[in-house]
Participant: 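Let me give you the structure first, and then I'll get to my questions.
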Amino acid sequence: MTKDPRVDAYIGRAAAFAKPILRHLRRLVHEGVPEVEEGIRWSSPSFLVGGQILCGMAAFQKHCAFGFWHKGMQTALGADGKSGEAMGSLGRIMSLRDLPSDRAMARYFRQAVALHESGVPARPRPKRSPAAPVAVPSDLKAGLRGNKAAGSTFERLSPSGRKDYVEWITEARRAETRQKRLSTALEWLAEGKGRNWKYENC
């Protein structure tokens with residue numbers, strides 16, 4: 001069992017009620033995952049396999065928390081999962097009685113390791129909705145049709161790049177200002193420039 005002295009120090013600083021909970025959880029992790037390594041992440045004890053977080057624990061003023069890193073464990077925990085009640089996977093832990101049985105915890109550790117080794121992302125990134133197409137005002141459309149170089153550049157711009165030009169033109173309060181911006185935009189686009197080209201190389 002390899003222990004990190006920083007975890008010992010963390011437990012030593014914890015409130016009296018928290019010490020037996022943290023020690024118990026630490027022992028269960030090492031028994032369930034013999035290859036686990038200890039570390040400190042986000043100022044709290046973490047347990048790692050292959051350099052990646054498997055689970056972690058923390059002590060607060062009136063409760064402790066224990067959490068599995070892989071999101072798939074939310075399903076595996078079933079009724080024992082109380083992630084909505086507090087930080088972590090098991091809710092607010094105020095005494096050893098609040099923990100699942102040692103046998104159940106051993107099973108959870110096996111499941112956590114299996115998920116860890118499965119290659120399934122632990123925290124999959126939410127899919128981004130495709131950006132809505134930029135509504136190009138009629139005067140800019142007409143200008144782009146009449147200037148092939150400008151139109152070609154505009155088509156190559158990213159959605160945010162097109163939006164920069166559209167907003168710059170449509171936010172003009174006076175007709176003269178709008179027309180001036182439109183002419184400048186077509187000139188810059190014909191030269192292959194984005195709206196903020198002056199700052200791109202700064």
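The residues of the chain are indexed from 1 along the displayed sequence. These numbers come from a predicted model, not from an experiment. These values consider heavy atoms only, across backbone and side chains, with no hydrogens, waters or symmetry-generated copies.
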Participant: Mind checking the CZ-CG spacing from Arg145 to Leu140? Nearest 0.5 Å is all I need.
Facilitator: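 Reported value, rounded in 0.5 Å steps: 10.0 Å.
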Participant: On the 0 to 90° scale, with breaks at 30° and 60°, tag the Tyr108-Phe68 ring pair as parallel, tilted or perpendicular.
Facilitator: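 Tyr108 vs Phe68 ring planes: perpendicular.
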Participant: Please give me the minimum heavy-atom distance between Met105 and Phe66, naming the atom from each residue.
Facilitator: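 Closest approach of Met105 to Phe66: CE-CE2, 4.1 Å.
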Participant: Hey, quick one: are Leu90 and Val36 part of the same hydrophobic cluster, counting side-chain heavy atoms closer than 4.5 Å, chains of contacts allowed?
Facilitator: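 Same cluster.
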Participant: Atom CG in Leu189, atom CD in Glu155: separation rounded to 0.5 Å?
Facilitator: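 Reported to 0.5 Å precision, the distance equals 10.5 Å.
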Participant: Kindly give the heavy-atom pair with the smallest separation between Ala150 and Leu186, and that separation in Å.
Facilitator: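 Scanning both residues completely, I find the closest heavy atoms to be CB-O, 3.6 Å.
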Participant: Within a reach of under 6.0 Å around CD of Gln61, are more than 12 heavy atoms found that belong to other residues, nucleotides or ligands?
Facilitator: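 No, not enclosed.
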Participant: Should Leu54 and Leu48 be marked as a side chain to side chain contact (heavy atoms under 4.5 Å, CB included) after you check the CA-CA gap, both sets of side-chain angles, and the distance that decides it?
Facilitator: CA-CA 5 Å; Leu54 184 75; Leu48 304 89; over 6 Å; no
Participant: Checking Arg162 against Val136 for the side chain to side chain contact (heavy atoms under 4.5 Å, CB included) test, could you report, in this order, the C-alpha distance in whole Å, the side-chain angles of both residues, the deciding distance, and whether it holds?
Facilitator: CA-CA 9 Å; Arg162 295 178 199 168; Val136 182; over 6 Å; no
Participant: Any chance you could measure Cys55, atom SG, to Phe109, atom CZ, to the nearest 0.5 Å?
Facilitator: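 Reported to 0.5 Å precision, the distance equals 5.0 Å.
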Participant: Measuring from Ile169:CD1 to Asp139:CG, what's the distance to the nearest 0.5 Å?
Facilitator: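 Here the interatomic distance stands at 6.5 Å.
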Participant: Without hydrogens or angle criteria, can the side chains of Ser152 and Arg156 be said to hold a donor-acceptor pair below 3.5 Å?
Facilitator: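 Yes, because at least one side-chain N or O of Ser152 sits under 3.5 Å from a partner of the opposite role on Arg156.
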Participant: Return the minimal non-hydrogen interatomic distance between Ala14 and Leu22, and the atom names on each side.
Facilitator: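 Looking at all heavy atoms of both residues, the shortest contact is CB-CD1, 3.8 Å.
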Participant: Short question: side chain of Arg195, backbone of Tyr165 - any donor-acceptor pair under 3.5 Å?
Facilitator: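 Looks like no, no N/O pair under 3.5 Å.
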Participant: For residues Gly56 and Phe47, report the shortest heavy-atom separation together with the two atoms involved.
Facilitator: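 Reported closest heavy-atom pair: CA-CD1, 4.3 Å.
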Participant: With respect to Glu38, which candidate in Arg6, Lys3, His30 satisfies the side chain to side chain donor-acceptor pair (under 3.5 Å) definition?
Facilitator: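 Among the candidates, only His30 passes.
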Participant: Starting from Phe60, can I reach Trp42 by hopping between I/L/V/M/F/W/Y residues whose side chains sit under 4.5 Å apart?
Facilitator: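 No, no single cluster joins them.
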Participant: From Asn147 CG over to Phe154 CZ, what is the distance, rounded to the nearest 0.5 angstrom?
Facilitator: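 Nearest 0.5 Å value for the CG-CZ distance: 12.5 Å.
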Participant: Does one hydrophobic cluster hold both Ile11 and Leu25, with members joined at side-chain heavy-atom distances below 4.5 Å?
Facilitator: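 Same hydrophobic cluster.
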Participant: Please report the closest heavy-atom contact between Tyr10 and Ala58, naming both atoms and the distance.
Facilitator: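 Closest approach of Tyr10 to Ala58: OH-CA, 3.4 Å.
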Participant: Please answer whether the main-chain N or O of Val49 pairs with a side-chain N or O of His116 as donor and acceptor at a distance below 3.5 Å.
Facilitator: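 Indeed, once roles are kept as given, a pair shorter than 3.5 Å links the two residues.
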Participant: Please verify the inter-ring angle class for Trp188 with Trp197; under 30° counts as parallel, over 60° as perpendicular, anything in between as tilted.
Facilitator: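 Trp188 and Trp197: perpendicular rings.
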Participant: Given the rule that I, L, V, M, F, W and Y join up when any side-chain heavy atoms are under 4.5 Å apart, are Val29 and Leu77 in one cluster?
Facilitator: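 The answer is yes; both residues are in one hydrophobic cluster.
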Participant: Between the side chains of Asp8 and Arg26, is the shortest nitrogen-to-carboxylate-oxygen separation below 4.0 Å, so that they form an ion pair?
Facilitator: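 So Arg26 pairs with Asp8 through a salt bridge.
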Participant: Using every non-hydrogen atom in the two residues, find where Pro137 and Val166 come nearest and quote the distance to one decimal.
Facilitator: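 Closest heavy-atom pair between Pro137 and Val166: CD-CG1, 3.9 Å.
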Participant: About how many Å separate OG1 of Thr177 and CD of Glu171, when rounded to the nearest 0.5 Å?
Facilitator: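 So the CD of Glu171 and the OG1 of Thr177 are separated by 12.5 Å.
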Participant: Just so I know, are the side chains of Arg41 and Trp69 near enough to count as touching, which here means a heavy-atom distance under 4.5 Å?
Facilitator: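 A side-chain contact under 4.5 Å is absent here.
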Participant: Walk me through it: do His24 and Asp102 pass the test side chain to side chain contact (heavy atoms under 4.5 Å, CB included)?
Facilitator: CA-CA 10 Å; His24 185 71; Asp102 290 3; 3.1 Å; yes
Participant: Consider only side-chain N and O atoms of Gln111 and His70, and report whether a donor and an acceptor are under 3.5 Å apart.
Facilitator: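 Their side chains do not contain a donor-acceptor pair, so the 3.5 Å distance test is not met.
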Participant: Step through the shown structure and confirm whether more than 12 heavy atoms of other residues, nucleotides or ligands are within 6.0 Å of NZ on Lys163.
Facilitator: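 Counting neighbours around NZ of Lys163, 12 or fewer heavy atoms of other residues, nucleotides or ligands fall under 6.0 Å, so no.
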Participant: Is Val33 reachable from Ile53 through a run of I, L, V, M, F, W or Y residues, each pair having side-chain heavy atoms under 4.5 Å apart?
Facilitator: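 The answer is no; the residues belong to distinct hydrophobic clusters.
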